[in-house]
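Encoded as structure tokens, the structure appears first; notes follow it.
Numbered from 1 within each chain, the chains take letters A, B, ... in sequence-line order.
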Amino acid sequence: MNNLKNNILGKIKKEKIQPIPRVVFFLKNFGFWAVFGASILVGAVALSLIFFSFSSIDRELFGRPHFPLFEMILTTAFLFWLILFLLLFLGALFGIRHTREGYKISTTHLLLGNFIASFVFATGFLFFGGSEEIEEFFIVRAPFFSHFEGQKETWKHPENGFLGGEIRSMEREVIILRDFSGKEWRVFTEEIPDDFWENIPPFVQIGERIKVIGDKKSEDSFEAEIILPWKRTPFWQGEKPKKNFERNLPPLS
Amino acid sequence: MEKTPEILAVQARDNPDIFGEIIDLFQDALLRYVLRLGNFSRDEAEDIVSESFLKAWKNLNDFDDRLKFSSWMYRIAHNEAISAFRKNRSRGAENRVDFNEEIFGNLAGKIDLEKEISQKMDSEKVQMLLKKLPTKDQTVLILFYLEEKNYEEISDILQMPGGSVATALHRAKKKFRTILQDSFSSVK
């Protein structure tokens with residue numbers, strides 16, 4: 001057996017094998033815990049987007065026959081975050097098992113700790129307006145995220161009574177709307193109560209995005225029942241203040 | 001003052017000769033453990049232990065001195081053995097060990113089974129039955145009953161939470177008992 005010892009020591013000396021510096025192990029441990037921290041933050045973003053999606057569903061949609069609640073939820077950006085969170089969490093779990101102390105924590109405790117921390121951050125994001133800003137930030141800055149803009153999917157179905165797009169021009173009772181495929185629609189507003197036109201909400205302006213609930217009348221015309229702002233707000237924030245729209249209207253012919 | 005393995009590990013960081021003392025302290029225990037894990041010839045087991053010591057030398061700065069050094073050393077040897085075992089299996093090699101391990105004969109008795117059963121079985125038979133268990137169950141039984149490690153040491157060796165060790169041991173004992181009883185019934 002002394003041969004074993006001599007062989008090992010001989011190899012160490014001959015090949016000048018040195019112990020790996022301590023800093024390498026420190027960085028490795030730190031790296032795995034950092035990935036775990038990142039998974040908490042990503043989980044918080046995913047959760048806050050879920051909370052935001054649920055808390056800002058337009059009340060007018062409930063009870064509609066074609067209201068695609070689950071389609072809307074599944075196509076929102078949170079799904080992307082959720083997948084990213086799961087990947088990071090699994091990576092962190094694997095890594096933490098190999099850190100100095102990490103293996104002593106059970107998977108259940110790690111998962112629970114991660115979820116609770118994510119939940120706390122998510123609630124913070126939601127109440128301080130972070131969720132909305134995070135979603136907007138990514139949709140505006142990263143074109144890739146526009147595919148995950150869940151509510152866009154909901155409002156691409158005029159045949160189901162949901163039409164979304166950008167206002168190109170307006171006359172009293174007719175709004176010209178460009179949908180997300182670039183097609184222009186004439187949106188008639190006779191069904192909308194008169195006070196809508198008397199107190200035009202600020203979101204009804206040329207260049208703004210809106211959502212319209214109503215009926216498709218022909219290949220390029222739509223009868224509006226309700227017009228909603230594109231921007232969603234959580235239910236506890238109430239409606240945005242309205243302002244007189246008359247000054248924005250082009251002169252009646 | 002007596003030099004504990006933990007003290008030696010700290011001193012060995014700058015001195016391979018002190019590492020030699022660590023090799024002296026652990027080589028027999030590790031060789032026995034690797035052989036108990038099974039499916040290795042003595043030469044293969046020596047290679048595994050040798051690789052384990054080299055790995056320990058390279059990773060000496062990763063040793064957490066809050067741990068027992070023996071647990072850390074067993075962990076490295078365990079991982080090396082499992083990795084060698086997988087390589088062997090992927091090659092389709094069947095290197096069943098032929099070592100005479102008298103302690104295996106007492107394993108059934110240690111797990112509180114009827115003496116009748118343990119007496120009717122020789123060590124080779126118990127060893128064979130042990131091999132029917134999944135590697136994780138075998139390992140935990142070997143560490144607890146044969147290597148006489150406590151829960152905390154097993155937790156550090158297998159890098160699993162302390163609570164999971166108790167569960168794994170309970171499950172392994174149950175499986176081993178079933179296998180033994182089935183085997184005994186077939187003998188009757």
Side-chain angles (χ1 to χ4, degrees), chain A residues 1-37 39-40 88-118, chain B residues 9-32 34 42-43 45-67 71-72 75 79 151-152 154-167:
Chain A
M1 287 296 280
N2 264 337
N3 279 345
L4 188 124
K5 175 182 159 185
N6 293 336
N7 287 344
I8 296 166
L9 292 182
K11 190 171 180 179
I12 288 173
K13 287 173 183 171
K14 190 179 165 195
E15 295 179 18
K16 294 181 179 161
I17 303 170
Q18 291 293 323
I20 298 165
R22 192 176 293 213
V23 67
V24 173
F25 297 109
F26 171 78
L27 289 175
K28 194 182 98 180
N29 273 297
F30 180 79
F32 284 131
W33 283 108
V35 172
F36 185 71
S39 76
I40 289 178
L88 280 173
F89 180 74
L90 289 176
L93 198 63
F94 173 80
I96 282 168
R97 287 277 166 269
H98 295 87
T99 58
R100 283 188 165 188
E101 295 282 327
Y103 64 88
K104 291 185 178 173
I105 311 166
S106 71
T107 307
T108 318
H109 283 126
L110 278 174
L111 193 61
L112 212 63
N114 191 312
F115 185 77
I116 290 170
S118 292
Chain B
V10 174
Q11 292 175 342
R13 284 170 183 158
D14 311 311
N15 189 341
D17 291 322
I18 296 178
F19 190 68
E21 291 180 47
I22 290 177
I23 298 175
D24 283 337
L25 277 176
F26 289 101
Q27 61 180 352
D28 291 339
L30 293 183
L31 189 67
R32 189 188 58 211
V34 171
R42 194 173 179 89
D43 283 346
E46 281 190 7
D47 284 345
I48 290 167
V49 171
S50 182
E51 276 305 308
S52 306
F53 279 120
L54 275 174
K55 209 164 206 171
W57 167 253
K58 286 179 195 167
N59 292 283
L60 216 47
N61 281 318
D62 194 30
F63 169 61
D64 180 354
D65 48 21
R66 286 168 296 181
L67 286 184
S71 300
W72 190 68
R75 180 196 294 174
N79 291 341
Y151 283 12
E152 196 184 346
I154 297 174
S155 155
D156 292 333
I157 293 168
L158 300 180
Q159 289 181 287
M160 62 201 287
S164 305
V165 174
T167 313

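- Taking the side chain as every heavy atom from C-beta outward, Leu4(A) and Leu31(B) never approach each other to under 4.5 Å.
- Heavy-atom distances place no part of Ser164(B) under 4.5 Å from chain A, backbone and side chain included.
- Smallest separation of non-hydrogen atoms from Pro161(B) and Ser106(A): CG-CA, 3.6 Å.
- We find the CD1-NZ distance between Ile22(B) and Lys5(A) to be 11.5 Å, quoted to the nearest 0.5 Å.
- One N or O on the side chain of Trp57(B) and one on the backbone of Ile17(A) form a donor-acceptor pair closer than 3.5 Å.
- Within the model, atoms CD1 of Ile96(A) and CD of Gln159(B) stand 13.0 Å from one another, a figure rounded to the nearest 0.5 Å.
- To the nearest 0.5 Å, atoms CG (Asn7(A)) and CZ (Phe53(B)) are separated by 12.5 Å.
- Using a 4.5 Å heavy-atom threshold, the side chains of Asn61(B) and Gln18(A) count as separate.
- For Asp14(B), no part lies near chain A; criterion is any non-hydrogen pair under 4.5 Å.
- No more than 12 heavy-atom neighbours from other residues, nucleotides or ligands sit within 6.0 angstrom of CD on Glu152(B).
- Between Asp62(B) and Ile20(A), every side-chain heavy-atom pair lies at or beyond the 4.5 Å cut-off.
- A pairwise comparison of heavy atoms in Glu51(B) and Lys11(A) identifies OE2-NZ, 4.5 Å as the closest pair.
- The two residues Ile8(A) and Ser50(B) make their nearest non-hydrogen contact at CG1-OG, 3.6 Å.
- With a 6.0 Å radius and a threshold of 12 heavy atoms from other residues, nucleotides or ligands, Lys55(B) has its NZ atom at or below the threshold.
- Residues Pro16(B) and Leu9(A) come closest through the heavy atom pair O-CD2, 3.2 Å.
- With a 4.5 Å cut-off on non-hydrogen atoms, Leu158(B) does not touch chain A at all.
- Looking at residues two or more places apart in sequence or on another chain, you find a side-chain contact (heavy atoms from CB on, under 4.5 Å) between Tyr151(B) and Phe144(B), Val165(B), Ala166(B), Leu169(B).
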